There are 2 protein chains.
Amino acid sequence: MKRKKPTIHDVAAKAGVGLGTVSRVLNDHPAVRPETRARVLRAMEELGYAPNPHARRIAGGRSYTVSVLLPFVATEFYRRLVEGIEGVLLEQRYDLALFPILSLARLKRYLENTTLAYLTDGLILASYDLTERFEEGRLPTERPVVLVDAQNPRYDSVYLDNRLGGRLAGAYLARFPGPIFAITVEEEPDRAFSRTVFAERMAGFQEALKEAGRPFSPDRLYTTRHSQEGGRLALRHFLEKASPPLNVFAGADQVALGVLEEAVRLGLTPGRDVRVLGFDGHPFAEEVGLSTIAQPVEAMGARAAQLLLERMRGYQGPPREVRFEPVLVERASTGTPPAALYVP
Amino acid sequence: MKRKKPTIHDVAAKAGVGLGTVSRVLNDHPAVRPETRARVLRAMEELGYAPNPHARRIAGGRSYTVSVLLPFVATEFYRRLVEGIEGVLLEQRYDLALFPILSLARLKRYLENTTLAYLTDGLILASYDLTERFEEGRLPTERPVVLVDAQNPRYDSVYLDNRLGGRLAGAYLARFPGPIFAITVEEEPDRAFSRTVFAERMAGFQEALKEAGRPFSPDRLYTTRHSQEGGRLALRHFLEKASPPLNVFAGADQVALGVLEEAVRLGLTPGRDVRVLGFDGHPFAEEVGLSTIAQPVEAMGARAAQLLLERMRGYQGPPREVRFEPVLVERASTGTPPAALYVP
DNA sequence: AAGTTTCCGTGAACCGCTTCCACCCGAGGG
DNA sequence: CCCTCGGGTGGAAGCGGTTCACGGAAACTT
């Protein structure tokens with residue numbers, strides 16, 4: 001005896017109101033007396049009613065769902081980003097569907113086809129600026145689009161000033177004695193998509209170092225993938241070139257974590273023998289006392305969601321760019337910085 | 001002047017037939033004369049018509065979309081798996097939506113809420129046997145469910161015999177002279193979900209080794225994450241314990257790749273100084289000449305999709321278990337195996 | 001007190017599709 | 001030659017919502 005899902009009719013009957021009224025409650029329409037609204041809401045509650053998004057889509061042209069296209073990369077960054085996006089969306093009774101981009105072929109299907117993904121009300125593109133893969137640099141969709149963790153003149157975009165982050169890192173590490181090394185992250189080679197965030201971080205880093213009178217030589221840069229083990233290999237590599245104390249800037253917290261891990265394993269003291277500065281400001285950085293250039297990932301996600309909501313509600317203005325700034329967070333992994341600038 | 005999307009009415013008008021006929025063509029109903037069908041199909045083609053899945057869902061109770069819930073882990077495995085699933089589904093005019101499980105909270109939302117995921121016609125759960133997280137060991141859904149890369153008595157499941165794979169690896173490496181090492185993969189600790197595939201592989205491996213009279217001591221097992229760099233660290237670690245030639249079984253191709261990489265970097269010759277055997281049989285293994293225990297990932301995905309299709313079409317039988325067997329693929333990374341068994 | 005507004009609410013029409021019943025027509029049977 | 005029978009087809013009804021024209025009652029107007 002399985003009961004069918006309750007519909008709007010059931011709710012209307014139970015609350016003793018008309019269909020239209022229930023619908024209005026559902027859509028936050030103002031013309032409903034508070035007590036009526038309450039009655040309807042209670043009926044919904046009791047019936048365990050939830051509107052059918054397909055029906056809403058079909059009838060109203062809106063599905064109350066947005067698609068988030070994101071790289072298929074399991075990092076804390078995307079977890080935080082989605083959390084930020086979701087926070088805002090849920091509050092507005094919107095749902096979100098994630099579309100991991102496993103391959104270029106998948107992406108094309110997402111966009112060219114009339115799949116469910118494509119029938120949502122808006123699109124958030126994370127990290128990849130995929131626009132150039134399409135004609136005229138525009139995605140083949142008529143729905144609003146917002147980019148996050150990427151910049152593009154044609155669409156609203158929310159991004160972090162990675163160069164500034166790199167500069168903060170450079171200026172900070174320049175104050176310490178000892179050689180300075182850096183680790184940058186390379187994407188998987190088979191990914192056709194290019195990203196520039198890590199390159200920007202390193203550029204800013206070297207810039208600041210140079211300005212501080214401590215130019216950075218390329219052989220002190222180690223490139224690896226976005227893994228903890230990469231950081232461990234990097235530290236070993238550095239230790240072959242110089243002896244402690246040394247300073248390491250890692251382009252990503254996860255990699256920095258590997259550096260810390262390996263330092264401890266080798267009997268070195270983080271913050272003294274090896275000073276490590278990460279980039280991201282992920283929760284785990286705090287747990288392990290990792291100094292880092294923190295980026296407000298959740299806030300960026302939330303902002304992107306807001307921009308998209310505005311567009312979905314009809315805003316037609318020119319593309320907006322929202323720039324976020326990272327901040328330096330000092331913790332134990334860099335020890336106590338010298339009061340004065342270090343002069344080599 | 002943006003044209004609206006064509007609907008079934010437009011197609012009907014253009015083809016000079018009734019609505020019902022177009023719908024029948026759409027659903028492969030047999031009662032349509034071939035020439036009529038052709039005319040309708042041509043009209044669709046010319047109009048660029050694609051049926052609206054929301055409308056189909058609402059009207060017929062079917063949306064022609066299935067959800068795939070999978071771990072948010074960027075590995076070749078899932079790329080292949082999805083490819084296998086998709087191949088079968090597309091053929092049957094089904095669409096698929098991916099739902100990456102970023103966190104436990106997300107999973108709950110996918111299942112408990114009335115989100116899009118939940119409104120598709122069927123569910124494929126990859127890798128995680130999530131059933132035990134719910135009451136009575138059943139997912140809170142009435143749609144058919146198929147597990148892949150996991151086993152469960154309550155649902156149809158498609159899985160690889162990982163223990164057998166490990167045994168194959170053990171039996172094979174036991175034939176070579178020189179010490180035998182192994183690398184296993186550990187999942188991210190914060191993931192609440194447990195997986196046993198790697199443990200099973202290692203169990204089988206040790207079993208076979210023991211049977212071959214070459215028992216494996218635990219200190220020859222290195223644990224790392226699923227990264228290439230992990231393989232590199234492992235090899236370094238092994239080289240501190242023994243000198244070449246040595247034999248390495250890596251629980252995953254990607255890790256094996258790191259071993260090869262590091263071997264070359266250290267001036268060792270794969271297949272002679274270091275014999276490496278991976279697990280997965282991913283395309284890149286062939287490119288680099290990596291011997292491996294190959295699993296038919298695409299076929300597993302395809303099979304899972306077939307099982308699901310049967311269920312969606314009404315099959316009510318008891319849960320089915322489909323077991324796949326891995327096979328050993330010999331390539332250059334293990335060199336030429338001795339004709340006779342090696343006797344220590 | 002009667003006419004206006006404003007506020008709430010109602011339910012028919014409709015969104016794009018599936019389903020099912022009615023209907024047409026030609027072939028086979030008596 | 002009339003009657004079935006059944007394949008092929010058309011279109012109304014309905015899926016679960018949104019929207020909108022419309023109406024009743026209360027609140028303001030003169």
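The model shown is predicted, which means the values in this text are computed figures rather than measured ones. Proteins get letters first, then strands, A, B, ... in listed order; numbering begins at 1 in each.
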For the side chain of [X], starting at C-beta, report the closest nucleotide among [options].
X        : options                   : value
Arg33(A) : dT19(C), dG9(C), dC17(C)  : dG9(C)
Tyr49(B) : dC17(C), dG9(C), dT18(D)  : dC17(C)
Thr36(A) : dG10(D), dC8(C), dT18(D)  : dC8(C)
Ile58(B) : dG17(D), dT19(C), dC15(D) : dC15(D)
Thr21(A) : dG9(C), dT9(D), dC17(C)   : dG9(C)
Ile8(A)  : dT18(D), dG10(D), dC17(C) : dT18(D)

Any base atoms under 4.0 Å from [X], or only sugar-phosphate, or nothing? Heavy atoms, all strands.
X        : answer
Val32(B) : sugar-phosphate
Ser23(A) : base
Val17(B) : sugar-phosphate
Arg62(B) : sugar-phosphate

- Query: Are the charged groups of Asp10(B) and Lys5(B) less than 4.0 angstrom apart, N to O?
  - Reply: no
- Message: Between Arg79(A) and Glu298(A) (salt bridge meaning N to carboxylate O under 4.0 Å), is one present in this structure?
- Response: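 Not counted as a salt bridge, because no side-chain N and carboxylate O are separated by less than 4.0 Å.
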- Task: With DNA chain D as reference, determine whether Leu26(A) or Leu19(B) sits nearer its 5' end, using the nearest nucleotide of each.
- Result: Leu19(B)
- Item | Contact nearer the 5' end of DNA chain D, comparing Gly20(B) with Pro30(B) |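 Of the two residues, Pro30(B) wins.
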- Message: Expressed as a whole number of angstroms, how long is the span from Tyr64(B):OH to dT18(C):C1'?
- Response: 9 Å
- Please state how far atom CG in Asn52(B) lies from atom C1' in dG17(D), giving the value in whole angstrom units.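 To the nearest whole Å, that distance equals 13 Å.
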- Message: Taking the cut-offs as 6.0 angstrom to the six-membered ring centre and 45 degrees off its axis, would you call Arg56(A) and Tyr64(A) a cation-pi pair?
- Response: yes
- Message: My understanding is that only residues two or more places apart in sequence, or in another chain, count here; which of them pass ring-ring contact (aromatic ring centres under 6.0 Å, His included) with Phe324(A)?
- Response: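 Residues passing ring-ring contact (aromatic ring centres under 6.0 Å, His included) with Phe324(A): none at all.
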